[in-house]
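The basis for the numbers below is simple: all heavy atoms, side chains too, and nothing from hydrogens, waters or symmetry mates.
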Amino acid sequence: MKFFIDNIFLIAVVLVSGGALLFPMLTQRGKRANPADVTLLINRSKATIVDVREAKDFALGHLPDAKNIPFAEFDQRIGELDKFKSKTMVVVCQTGGMRASTAASKLTKAGFTDVVTLDGGIAAWKKANLPLAKPAQAKPSLAKTPAKPQAK
């Protein structure tokens with residue numbers, strides 16, 4: 001008992017710091033899935049992927065067949081997803097943090113039946129060495145171009 005009384009401030013610091021570390025994990029609601037689980041969802045149930053990153057980040061690489069709705073525009077564009085209400089929705093952001101969790105909770109409130117966030121986001125997907133799609137780039141033409149006349 002004397003130990004607790006003599007070290008009350010140290011014990012308080014330990015409890016507060018422990019609570020601060022646990023708080024983010026306890027406040028994230030909804031279903032979360034690791035990259036391997038998301039791969040199974042995509043392959044088995046034909047899940048719809050919603051990427052809430054900005055368009056420039058989306059262009060650098062995204063999950064195959066993902067739909068990009070930037071988080072800043074999410075409230076206005078959520079209606080674009082109505083036809084997928086009965087399918088599994090996988091919400092993706094860069095790190096699988098608050099943006100994906102917030103977007104997932106908005107989808108749930110809008111009546112989507114099965115919403116999952118990618119735990120760790122695109123960063124975890126890359127770390128698992130899973131493929132990222134990039135926008136199609138123009139392929140060089142195979143047709144021969146006429147030779148330019150040379151000046152004499």
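A side-chain contact (heavy atoms from CB on, under 4.5 Å) with E54 is found for one member of V52, D51, D57 and no other, namely D57.
In this structure, K46 has no side-chain hydrogen bond (donor to acceptor under 3.5 Å, both in side chains) partners at least two apart in sequence or on a different chain. Take A55 and apply the side-chain contact (heavy atoms from CB on, under 4.5 Å) test, not counting sequence neighbours, and it matches N68. Remark: E80 engages R77 in a salt bridge (Lys or Arg N to Asp or Glu O under 4.0 Å) (not counting sequence neighbours). Applying the salt bridge (Lys or Arg N to Asp or Glu O under 4.0 Å) rule to D75 yields the partners K106; only residues at least two apart in sequence or on another chain are considered. Residues that satisfy the salt bridge (Lys or Arg N to Asp or Glu O under 4.0 Å) test with R99, not counting sequence neighbours, are absent from this structure. Partners of D65 by side-chain contact (heavy atoms from CB on, under 4.5 Å), not counting sequence neighbours: none found.
Other residues sharing a hydrophobic cluster with V38 under the 4.5 Å side-chain heavy-atom criterion for ILVMFWY residues are L41, I42, I49, L63, V90, V92, V116, L118, I122, W125, L130, L132. Think of L40 as one node in a network of Ile, Leu, Val, Met, Phe, Trp and Tyr side chains linked at under 4.5 Å; it has no links at all.
With a 4.5 Å cut-off on side-chain heavy atoms, F74 and T102 do not count as touching. By the 4.5 Å heavy-atom criterion applied to side chains, P35 and K127 are not counted as neighbours.
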For this session: Applying side-chain contact (heavy atoms from CB on, under 4.5 Å), run through D37 and D119 and close with a yes or a no.
Result: CA-CA 10 Å; D37 293 336; D119 197 17; over 6 Å; no

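Pairs engaging residues 81-92 under the side chain to side chain donor-acceptor pair (under 3.5 Å) rule: T88-D114 [sequence neighbours left out]. Sorted by first and then second residue, the side chain to side chain donor-acceptor pair (under 3.5 Å) pairs with a member in residues 5-21 read K2-D6; sequence neighbours excluded.
Here the shortest heavy-atom pairing between F84 and M89 reads CB-SD, 3.8 Å. Nearest heavy atom pair, residue A100 against residue V91, reads O-CG1, 3.7 Å. Nearest heavy atom pair, residue R32 against residue S101, reads NH1-OG, 3.4 Å.
Clustering ILVMFWY residues whenever any of their side-chain heavy atoms sit less than 4.5 angstrom apart, transitively, puts I5 in a cluster other than the one holding V13.
The CD atom of Q94 sits 15.0 Å away from atom CZ of F71, with the distance rounded to the nearest 0.5 Å.
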